[in-house]
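Proteins get letters first, then strands, A, B, ... in listed order; numbering begins at 1 in each.
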There are 2 protein chains.
Amino acid sequence: MGRPKQFDPDVAVERAMEVFWSKGYAATTPQDLVDALGIGKGSLYNAFGSKRELFERALCRYRDGQAVALVELLEAGGPVKERLRRTLHLLAEMDLADPGHRGCMAVNTAAELGAEDERAAELVRRMFDRTEGAFRALVEEGQRTGEINAGRDARSLGSLLLNTVIGLRLMGRVADGPDRPARVIDAVLDGL
Amino acid sequence: MGRPKQFDPDVAVERAMEVFWSKGYAATTPQDLVDALGIGKGSLYNAFGSKRELFERALCRYRDGQAVALVELLEAGGPVKERLRRTLHLLAEMDLADPGHRGCMAVNTAAELGAEDERAAELVRRMFDRTEGAFRALVEEGQRTGEINAGRDARSLGSLLLNTVIGLRLMGRVADGPDRPARVIDAVLDGL
DNA sequence: CTCATTTTGTACCTCAAATTCAAGAACGGG
DNA sequence: CCCGTTCTTGAATTTGAGGTACAAAATGAG
């Protein structure tokens, strides 16, 4: 019973995610959110409690969306190294083409809140774990097919690839061209 | 002529750097700076103009300090790969041991301001250029001594090492242990 | 000493961030 | 159709960020 909500909370979280992703946590004001979600301040706080809580939901939404996207990319067909190369280049191109230079919301959150907000740090860590795991699985597949030296530690290579992506996406925030990312990708893949 | 300053601007910038480094740009208030520098607000604004200008000077100071430190590390004696390993491990350990999880001020700035502040982005880009150059020089030295495969592109390897450092230091913001950084370092060096 | 110049500390101002609240609107149950 | 509940709107509240104004204080030149 009671008056039904006049907006879809899922849509609202999605839009909030876009705003937080573009502007960061601190730089996003309740007014920005009100404008983007198209609801009143009262509804905002009634539905989500606080800016901080809404941010957490937005970050979880980001995580869920990214998890799907990454798995899709890595599970495509073809040689493992080619899949890796395509995935890394796609990331770099997206970051470069994005006029807002948004980069990766998890990376941005790590930088902005990681030191002071343990809940946010934990969420980001888990996203990193997940990505590392996906890369590790791909490396192991490559080792089974003989594309990647089976003597190397798959977990370490997974960490390396995660770290590479983090670096690439951080650089996307100040990117001035495709050359450096391309060199990074070349060097990483040559080192596998 | 005129009344002399009762504080050393260089010391003030140094302290401002510490504050900005610890808290980030947006989260640092003029009051924080006044407290840390031990001067009045009037002096602060008289000497530095604005929070933004002071930040830029603090960032330049960080750059100058880091440049020296990195060169010292990379110019030490011994095999190139050992120097690299020591340098990377030292960074990782510093980040882990730092109770404030400050990470790297350039990386933090890239994440926080890179998208919106072109001047800050340019400063960070130059710092990245410089670091990449230092790594490249070290790689070329390793290639001359035969420690590193001379067939590989030194510039790409420099980019890779820069990217590795960026990733490591970003992860330092949410670090929960030494394992992942250690794996990254192992994998990177094995791939050289 | 006096003047022009610069620094300093305090008080003040403006604006907006983040949240709360009051008044009412839209439901469903009995 | 009344009632309790939940949602909505937007103004009010509180707090502090970021900066300005100004008079007093400290200097060197002449």
Side-chain angles (χ1 to χ4, degrees), chain A residues 1-60 108-109 111-113 115-120, chain B residues 1-59 108-109 112-113 115-120:
Chain A
M1 58 178 102
R3 179 172 176 174
K5 280 192 170 64
Q6 295 192 310
F7 64 94
D8 180 341
D10 286 344
V11 171
V13 170
E14 177 86 19
R15 291 186 183 163
M17 181 195 79
E18 298 287 346
V19 180
F20 281 126
W21 188 0
S22 291
K23 311 189 56 166
Y25 176 73
T28 297
T29 71
Q31 190 57 47
D32 290 332
L33 294 167
V34 161
D35 293 344
L37 310 204
I39 66 181
K41 273 201 183 109
S43 300
L44 215 203
Y45 279 86
N46 176 60
F48 301 111
S50 71
K51 180 183 163 185
R52 178 56 229 283
E53 287 176 72
L54 177 54
F55 177 78
E56 199 157 319
R57 294 188 58 169
L59 187 56
C60 287
N108 300 346
T109 299
E112 183 179 6
L113 302 178
E116 307 219 329
D117 183 332
E118 187 46 44
R119 289 180 60 86
Chain B
M1 59 179 102
R3 180 173 175 173
K5 280 191 170 59
Q6 294 192 313
F7 64 96
D8 180 341
D10 286 344
V11 172
V13 170
E14 177 87 19
R15 292 188 182 159
M17 181 196 78
E18 298 286 346
V19 181
F20 282 126
W21 188 1
S22 292
K23 310 189 57 166
Y25 177 73
T28 297
T29 71
Q31 191 56 48
D32 290 332
L33 293 167
V34 162
D35 293 345
L37 309 204
I39 67 180
K41 251 190 203 172
S43 302
L44 215 202
Y45 279 87
N46 176 60
F48 301 111
S50 70
K51 180 183 163 184
R52 178 54 230 284
E53 287 176 70
L54 178 53
F55 177 77
E56 199 156 319
R57 295 188 57 169
L59 187 57
N108 300 347
T109 299
E112 183 179 4
L113 302 178
E116 307 221 329
D117 183 331
E118 186 45 45
R119 288 180 61 85

Lys5(B) atom NZ is separated from dT6(C) atom P, nearest whole Å, by 10 Å

Among the nucleotides dG18(D), dT19(C), dT8(C), whichever has the atom closest to the side chain of Gln6(B) is dT8(C)

Rounded to whole Å, the CG-P distance (Leu37(A) to dC7(D)) equals 16 Å

Side-chain atoms of Pro4(B) come closest, of dT8(D), dG19(D), dA26(D), to dA26(D)

Q: Run the numbers on Arg57(A) and Met17(A) for side-chain contact (heavy atoms from CB on, under 4.5 Å), then give the verdict.
A: CA-CA 8 Å; Arg57(A) 294 188 58 169; Met17(A) 181 195 79; over 6 Å; no

Problem set entry | Presence of donor-acceptor pair under 3.5 Å, side chain of Arg3(B) and base of dT27(D) | no

Phosphate OP1/OP2 of dG9(C): any Ser43(B) side-chain N/O under 4.0 Å:
yes

Rounded to whole Å, OH of Tyr45(A) lies from P of dG10(D) at a distance of 17 Å

note: Asp35(A), atom CG; dT9(D), atom P; distance rounded to Å ~ 13 Å

### Query
Checking Lys51(B) against Tyr25(B): charged group under 6.0 Å from the ring centre and within 45 degrees of the axis?
yes

OP1 or OP2 of dG16(D) versus the side-chain N and O atoms of Thr29(B): is any pair under 4.0 Å?
no

In whole angstroms, the gap separating C1' of dT19(C) from CG of Asp32(A) amounts to 16 Å

*Verdict with supporting geometry, Phe20(A) and Thr109(A), side-chain contact (heavy atoms from CB on, under 4.5 Å)*: CA-CA 10 Å; Phe20(A) 281 126; Thr109(A) 299; over 6 Å; no

Closest of dT8(D), dA17(C), dA26(D) to the Asn46(A) side chain is dT8(D)

Between the base of dG9(C) and the side chain of Lys41(B), is one N or O donor paired with an acceptor at under 3.5 angstrom?
no

note: Arg52(B), atom CZ; dG19(D), atom P; distance rounded to Å ~ 11 Å

Worked check of salt bridge (charged side-chain N to carboxylate O under 4.0 Å, His left out) between Arg52(B) and Glu56(B): CA-CA 6 Å; Arg52(B) 178 54 230 284; Glu56(B) 199 156 319; 2.4 Å; yes

Whole-Å distance, Phe48(A) CZ to dT20(C) P, equals 16 Å

Quick one, Leu113(A) and Phe55(A) - any side-chain contact, counting heavy atoms below 4.5 Å?
yes

Here the distance between atom C1' of dG16(D) and atom CD of Gln31(B), to the nearest Å, is 10 Å

